[in-house]
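As the structure is a computational prediction, the values presented were derived from the model and not from experiment. In listed order, ligands and their atoms are each counted from 1.
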Amino acid sequence: MPLINIIPGEKIPVAPMNVRLPAWRVPGWLLVFWWLARGLFRLTMLAVRYWWLTTPALLGLWVRAEYGGLVLVGVVLAVVTGCVGWWRWHRSSWLRFGWYPIVNRVRALTVYRRRWASVMATCGLATTFAGDRYVPQLLRVRCDRYGDEVTVRMLPGQIPDDWGQAAERLAYAFRLRQGQARSTDRADQVVLRFIRRDPLAAVVGPLPVPVVPDLAGLPLGMREDGQPYELRLAGSHVLIAGATGSGKGSVLWSLIRSLASGVRSGLVELWAFDPKGGMELAAGVPLFARFSYDDPDGMAGVLEEAVKRMRLRAARLRGVARQHVPTVDEPLIVLVVDELAALTAYITDRKVRDRIKEALGLLLSQGRAVGVHVVAALQDPRKDVLPFRDLFPTRIGLRLTEPEQVDMVLGDGARDRGALCDRIPESAPGVGFVVLDGVREPVRVRFAYLTDDDIRQLGRTYRRLDDTDEQEVTK
Ligand SMILES: Nc1ncnc2c1ncn2[C@@H]1O[C@H](COP(=O)(O)OP(=O)(O)OP(=O)(O)O)[C@@H](O)[C@H]1O
Ligand SMILES: [Mg+2]
């Protein structure tokens, strides 16, 4: 083996390492063939994916080639006539199996898929990692009369709330105005609902009065999905917050209406408080066991009486039952208060105000189990106006003036989950958001509207039987 002498300080010539990949010579025809094969494969995949477009087109072409253009026109006319006939004969099945499957696909292609990747990027829902781009996957589009539901597979690291926050941005990106995100059974998916036409645009008329009020579900209005909205009064107090003219009156009256048959049979006692001079509730006087307005001292007295009834009842029930069941002797007592802040904040006499606050605090914290419920409306949900806000398990948010008020009423994060109470237009009184049992995302509702005539009629039909002797009006 030859020995190499290395003299210190001498520069050794270094040969550069060859890092070039060996070049392959590909014949031109092979390259063209590869491009063609790849293009054909992609075209076939597209044709299969959009079979609902390609199949009729191919069939049309075949009919035209085989039998001529006239026959093709005849076939098209026959298909259109068949569809119209189906629509006339059985509308719901036509919509379900004929019309909406087509609309789903057309809107998925022309509205959502076309702009999907760019919208995801501009709304901050796509991401890049190690040089690769990750875009959430659009899984399904389902359309109905009022809007589109888009099912999406989220990227790892995303949660439905991220989509809730971006929902309005997404709606506008797809040229719509309203959007909401909701979670599904699958932890990797989220459903976006975009509204094309407001299902709650029309006024909801008075709902039928239940023969026996079901305290687990009193019908008060219509939900966005077309189902009736039913409020659970059993074991709860209800707070209705909304700016002036937002329709708080319609919620109170819908609730009174849903309890009306109980009022007539004596199972329900309504105690009405109308501190704004009796303007709102006066028309329903025949339904009320107590009606107080104007005089703060009188209202404090009635509230204290309610506390006394509650305590006596609690003493009777102790050890006998854990939840009160309404009877004619021990009816459900519902205190209906219009403008709660007029009782808790705007009264100048401090003594009276403290009495009212104390009584309300007791009723709210102890009344639920013994069948004494408070249903209160208020304009301003700020804490300093209403110290008892957290004692109302059920809350309804109508139109509110500021975004921060939404979370005050419906709970932390409610606005991010889609309760846009501050965006409800003034032209839609009676529209609001509610939180349903077991459903994370707030639901939009329109409450039924009772005209003055409806209210008078209700009072006449369902007046209390012992109306004359026991009713007490405190002024
Ligand atoms: N559910 C409803 N559907 C349609 N219109 C409604 C509904 N509720 C209320 N309205 C309309 O809006 C108007 C204002 O409603 P309402 O008096 O109930 O508001 P409010 O929230 O009680 O306001 P305020 O705080 O000033 O008393 C009503 O006169 C009625 O014309
Ligand atoms: Mg009112």
Side-chain angles (χ1 to χ4, degrees), residues 198-209 218-224 226-231 238-260 270 272-285 287-288 291-294 299 335-346 374-382 385-386 389 392 395-402 405-406 408-410 419 421-434 443-459:
D198 188 356
L200 304 178
V203 174
V204 178
L207 302 177
V209 179
L218 298 168
L220 300 193
M222 275 329 237
R223 292 184 346 202
E224 206 166 32
Q227 299 296 314
Y229 165 59
E230 295 181 340
L231 175 128
V238 185
L239 180 68
I240 305 145
T244 175
S246 61
K248 296 184 291 295
S250 65
V251 185
L252 293 178
W253 280 113
S254 300
L255 187 96
I256 292 171
R257 185 178 171 86
S258 68
L259 291 169
L270 295 174
F273 298 79
D274 195 350
K276 284 198 295 190
M279 293 283 289
E280 178 67 54
L281 300 176
V285 165
L287 298 165
F288 302 143
F291 181 49
S292 325
Y293 59 100
D294 257 2
M299 285 190 273
L335 286 82
V336 181
V337 185
D338 189 34
E339 198 43 73
L340 188 62
L343 291 185
T344 58
Y346 308 146
V374 181
V375 177
L378 115 154
Q379 277 183 15
D380 185 347
R382 275 174 308 161
V385 173
L386 179 64
R389 205 177 49 208
F392 287 92
R395 307 190 207 161
I396 295 169
L398 298 171
R399 177 170 56 78
L400 295 168
T401 47
E402 289 162 26
Q405 294 179 336
V406 179
M408 288 181 197
V409 177
L410 295 174
C421 298
D422 51 305
R423 296 284 178 83
I424 297 173
E426 283 185 28
S427 57
V431 173
F433 286 87
V434 294
V443 172
R444 211 161 65 97
V445 172
R446 183 151 202 171
F447 292 90
Y449 178 57
L450 276 75
T451 61
D452 290 349
D453 284 343
D454 292 327
I455 294 171
R456 273 193 291 274
Q457 180 67 36
L458 190 73

Checklist entry - In the protein, which heavy atom is nearest to atom 1 (N) of ligand 1, and how far is it? => result Phe447 O, 2.9 Å
Item to check | Asp380 vs Gln405 side-chain heavy atoms within contact, under 4.5 Å | outcome: yes
Checklist entry - Would Phe291 and Leu270 count as a side-chain contact (heavy atoms from CB on, under 4.5 Å) if you check the C-alpha gap in whole Å, the side-chain angles of each, and the deciding distance to 0.1 Å? => result CA-CA 9 Å; Phe291 181 49; Leu270 295 174; over 6 Å; no
Checklist entry - Do Asp274 and Phe288 come close enough that some side-chain heavy atom pair is under 4.5 Å? => result no
Checklist entry - Can Arg444 and Asp198 be said to form a salt bridge (charged side-chain N to carboxylate O under 4.0 Å, His left out), step by step? => result CA-CA 11 Å; Arg444 211 161 65 97; Asp198 188 356; 2.5 Å; yes
Item to check | Pair Val251-Val375, side-chain contact (heavy atoms from CB on, under 4.5 Å): steps then yes or no | outcome: CA-CA 10 Å; Val251 185; Val375 177; over 6 Å; no
Checklist entry - Within a strict 4.5 Å, meaning less than it, do heavy atoms of the Glu339 and Leu378 side chains meet? => result yes
Checklist outcome for this item: The closest protein heavy-atom partner of atom 9 (C) of ligand 1 is Gly247 CA, 3.7 Å
Item to check | Heavy-atom side-chain proximity of Pro429 to Arg446 below 4.5 angstrom | outcome: yes
Item to check | Heavy atom of the protein closest to atom 26 (O) of ligand 1 (residue, atom name, distance) | outcome: Thr244 OG1, 2.6 Å
Checklist entry - Do Val434 and Phe447 come within less than 4.5 Å of each other through their side chains, counting heavy atoms only? => result yes
Next on the checklist: Nearest non-hydrogen contact with atom 2 (C) of ligand 1 belongs to which option: Ala377, Pro429, Ala428, Ala448?
Outcome noted: Pro429
Checklist entry - Does Ser246 have a heavy atom less than 4.0 Å from any atom of ligand 1? => result yes
Checklist outcome for this item: among protein heavy atoms, the one nearest atom 23 (O) of ligand 1 is Gly245 N, 2.8 Å
Item to check | Per-atom contacts, ligand 1 versus Gly430 - under 4.0 Å to a heavy atom | outcome: 1 (N), 2 (C)
Checklist outcome for this item: Looking only at protein heavy atoms, what sits closest to atom 31 (O) of ligand 1 is Tyr449 OH, 3.6 Å
Item to check | Per-atom contacts of ligand 1 with Ala243, taking only distances under 4.0 Å to non-hydrogen atoms | outcome: 21 (O)
Checklist outcome for this item: A student comparing Ser427, Ser254, Ser250 should find that the heavy atom closest to atom 8 (N) of ligand 1 comes from Ser250
Item to check | Minimum side-chain heavy-atom gap Val409-Phe433 below 4.5 Å | outcome: no
Checklist entry - Considering only heavy atoms of Gly249, which atoms of ligand 1 have at least one such atom less than 4.0 Å away? => result 18 (O), 22 (O)
Checklist entry - Quick one: does Val203 get an N or O within less than 3.5 Å of an N or O on ligand 1? => result no
Checklist entry - Just going by heavy-atom distances, which of Met222, Lys248, Met279, Glu280 is nearest to atom 17 (O) of ligand 1? => result Glu280
Checklist entry - Where's the contact between Glu339 and ligand 1, heavy-atom distance under 4.0 Å: side chain, backbone, both or neither? => result neither
Item to check | Within-cut-off N or O pair, Lys276 and ligand 1, under 3.5 Å | outcome: yes
Item to check | Element-labelled atoms of ligand 1 that are located less than 4.0 Å from some non-hydrogen atom of Arg446 | outcome: 3 (N), 4 (C)
Item to check | Test item: Ile424 and Leu398 side chains (from C-beta on) under 4.5 Å apart, heavy atoms | outcome: no
